[in-house]
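Notes to accompany the following structure.
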Amino acid sequence: MKKLLSLVFIIISATIFAQQSYYDNVDIRKTGQELYFELQSKISIASGTFTYNDVKDAVKITDLDPTNASRVLLVYGYNDTDGNCITDRSRDKNNFGGSNCQYNREHVFARSLANPGMGDVNSTSTGIGADPHNLRPSDVQFNGQRGNKKFGNGTGTAGDVGSGNWYPGDEWKGDVARMMMYMYTRYGDRCLPSLVGVSTLQDNTQMLQLFLQWNVEDPVNAFEDQRNPYLESVYGNRNPFIDNPYLATVIWGGPAAEDRWGILSIEQALVNQFVVFPNPAKDIVWVQNTTQTPIQIQMFDITGRKVYSTDIQNAQNTIDVSQFKSGVYILNISSEGNTLSKKILIE
């Protein structure tokens, strides 16, 4: 067993080496709401001097077409050769403005959908309305067509779907999902996913199944990867869900997204050491410990509030859950510096 735990530490060391240095002081072994709050604390440290006007220059780097340094890619765009500039996928990076066939700044999480809203913006605006992680170049008219419509599921190219909803397009849906995850993590309930998208919730979390699905179906590419390094230098933070889409899976569940840091390898090694049953549970939860080492158990409700904690050494232990309200809880099991989190349902 000691050899197995040593292997886990080696995997963790390799993982930290592989991830961006920005996250060196983030405990990626946390899961659920604990990891959500850990990332929220990290990305909330951003420069307050970055203005809405600064975005005009930033997008010439963050949204530059990887195949043509003179052009930027336009969110929702999909065709440069159909003779219709509204649907252009790219445009000369200097063709910024408010006229037809020019591009402007699209708030992907629409300003009016936040609660409270982001308000009007001008060249000197800072804060949520000028957050460059939420702003993308967009054709002026296509931007107007989207307006403040909520995102809904669809296929193919961007446009209206359902009852007044908006599909961002197959090429852009992953980008959009990861931006919405950033906005919810950065600004909390002010940017709840349900305010900007139409879908069922993933279990009892506040994340939409739609965004978790898009995060899987449209992986990060080289174009999206070029955003974080520059924005970290000028704005002070990164979008974690671009750096590793699997963070969304660890926090909110759903289908497994691409794991760019090898977190899944760590989790699987720990899964084999601890067994939790039954799940769902009504009265008693059993925790079987195969490590033969002392472990700590902590349980959190869906808001991240710790509701139970104990230190135990036995191979098999019980938790009386009859005292807790019905719902989803996160059970953290820690042993020798490693933590495994399991989602349990109390009926």
Side-chain angles (χ1 to χ4, degrees), residues 39-40 42-63 72-77 96 103-139 142-144 146-151 158 166 168-169 172-197 206-208 210-211 214-215 218 220 223-243 245 247-248:
L39 291 174
Q40 186 175 69
K42 181 65 178 178
I43 67 176
S44 293
I45 303 172
S47 171
T49 60
F50 192 89
T51 69
Y52 187 59
N53 190 59
D54 292 331
V55 175
K56 290 194 299 183
D57 293 323
V59 297
K60 296 178 182 179
I61 298 173
T62 58
D63 293 78
V72 292
L73 297 188
L74 306 179
V75 69
Y76 317 138
F96 177 90
Y103 75 88
N104 59 7
R105 293 156 289 196
E106 156 75 330
H107 286 84
V108 181
F109 195 116
R111 287 183 292 122
S112 62
L113 294 182
N115 186 21
M118 302 178 196
D120 294 331
V121 292
N122 56 48
S123 61
T124 61
S125 295
T126 60
I128 187 172
D131 192 319
H133 290 285
N134 185 45
L135 288 157
R136 290 289 185 94
S138 176
D139 174 80
F142 222 16
N143 189 344
R146 187 267 166 133
N148 65 350
K149 297 169 186 171
K150 291 186 176 183
F151 293 114
W166 183 262
W172 297 103
K173 62 184 181 182
D175 303 55
V176 166
R178 289 179 282 274
M179 294 168 74
M180 300 306 96
M181 292 168 180
Y182 165 88
M183 292 296 286
Y184 175 43
T185 304
R186 173 71 174 83
Y187 299 103
D189 288 353
R190 186 176 184 181
C191 291
L192 284 170
S194 56
L195 296 172
V196 73
Q206 294 299 320
M207 181 52 61
L208 297 183
L210 178 67
F211 294 149
W214 286 357
N215 186 40
D218 178 26
V220 176
F223 166 70
E224 198 176 359
D225 261 334
Q226 71 191 12
R227 300 184 59 80
N228 273 340
Y230 181 72
L231 291 183
E232 182 183 359
S233 69
V234 299
Y235 187 58
N237 70 357
R238 302 171 70 98
N239 181 338
F241 306 102
I242 293 176
D243 288 329
L247 292 170

- request: Show your working on ring pair (Phe, Tyr, Trp, His ring centres under 6.0 Å) between Trp166 and Phe142 and close with a plain yes or no.
  value: CA-CA 11 Å; Trp166 183 262; Phe142 222 16; 5.4 Å; yes
field: Polar side-chain atom of Arg186 near backbone of Ile128 as donor-acceptor pair, under 3.5 Å
entry: no
- line: Which of Asn239, Asn215, Asp243 passes side chain to side chain donor-acceptor pair (under 3.5 Å) with Arg178? It is Asn215
message: Could you check whether His133 and Phe241 have their ring centres less than 6.0 Å apart?
response: no
- request: Compare every heavy atom of Leu113 with every heavy atom of Asn148, then report the nearest pair and how far apart it is.
  value: O-CD1, 3.4 Å
Student check: side-chain heavy atoms of Tyr184 and Phe109 closer than 4.5 Å: no
task: Supply the atom-to-atom distance Arg105 CZ to Phe96 CZ, rounded to the nearest 0.5 angstrom.
output: 3.5 Å
field: CG on Asp189 to CG on Asn115, rounded to 0.5 Å
entry: 9.5 Å
field: Arg146 to Tyr76 six-membered ring, cation-pi geometry met (6.0 Å, 45°)
entry: no
query: With distance as the sole test, does Asn122 use its side chain to make a donor-acceptor pair with the main-chain N or O of Ser125 at under 3.5 Å?
result: yes
task: In sequence, state the C-alpha distance, the side-chain angles, and the governing distance for Asp131 and Tyr187, and then conclude on side chain to side chain donor-acceptor pair (under 3.5 Å).
output: CA-CA 11 Å; Asp131 192 319; Tyr187 299 103; 2.6 Å; yes
- prompt: Just by modelled atom types, is the Pro137 backbone N or O under 3.5 Å from a matching donor or acceptor in the Glu106 side chain?
  reply: no
query: Taking atom OG1 of Thr126 and atom OH of Tyr235, what is their separation to the nearest 0.5 Å?
result: 8.5 Å
query: Can you tell me how far OG of Ser47 sits from CG of Leu231, rounded to the nearest 0.5 angstrom?
result: 11.5 Å
task: Decide yes or no on side-chain contact (heavy atoms from CB on, under 4.5 Å) for Asp54 and Phe50, but give the supporting numbers first.
output: CA-CA 6 Å; Asp54 292 331; Phe50 192 89; 3.7 Å; yes
task: For the pair Gln206 (side chain) and Leu192 (backbone), establish whether a donor and an acceptor sit closer than 3.5 Å, ignoring hydrogens and angles.
output: no
message: Test your reading of the model: is there a side-chain donor-acceptor pair from Trp172 to the backbone of Gly77, 3.5 Å cut-off?
response: yes
- request: Specify the closest pair of heavy atoms between Leu135 and Gly129, including all atoms of both residues, with the distance to one decimal.
  value: CD1-O, 4.0 Å
- request: Determine yes or no for a side-chain-to-main-chain donor-acceptor pair under 3.5 angstrom, with Arg111 supplying the side chain and Gly119 the backbone.
  value: yes
query: Closest heavy-atom contact between Val55 and Ala130?
result: CG2-O, 4.0 Å
- prompt: Can you name the nearest heavy-atom pair linking Val121 to His107, along with the distance?
  reply: CG2-CE1, 4.2 Å
query: For the side chain of Arg190 and the backbone of Pro116, is there at least one donor-acceptor N/O pair under 3.5 Å apart?
result: yes
From OG (Ser194) to CE (Met207), nearest 0.5 Å: 10.0 Å
- request: Verify, without hydrogens or angle tests, whether Asn237 (side chain) and Ile43 (backbone) share a donor-acceptor contact under 3.5 angstrom.
  value: yes
task: Output, in order, the C-alpha distance, side-chain angles, deciding distance and verdict of side-chain contact (heavy atoms from CB on, under 4.5 Å) for Asn134 and Met118.
output: CA-CA 12 Å; Asn134 185 45; Met118 302 178 196; 4.0 Å; yes
query: Once you round to the nearest 0.5 Å, how far does CZ of Arg227 lie from CZ of Arg238?
result: 12.0 Å
Heavy-atom closest contact (Asp175 atom, Glu224 atom, distance): CA-OE2, 3.6 Å
For Ile242 against Asn228, the heavy-atom pair lying closest together: CB-ND2, 3.7 Å
field: Chi angles and distances behind the side chain to side chain donor-acceptor pair (under 3.5 Å) call for Asp63, Tyr103
entry: CA-CA 12 Å; Asp63 293 78; Tyr103 75 88; over 6 Å; no
- request: May I ask you to test the Lys173-Pro168 pair for a side-chain heavy-atom distance under 4.5 Å?
  value: yes
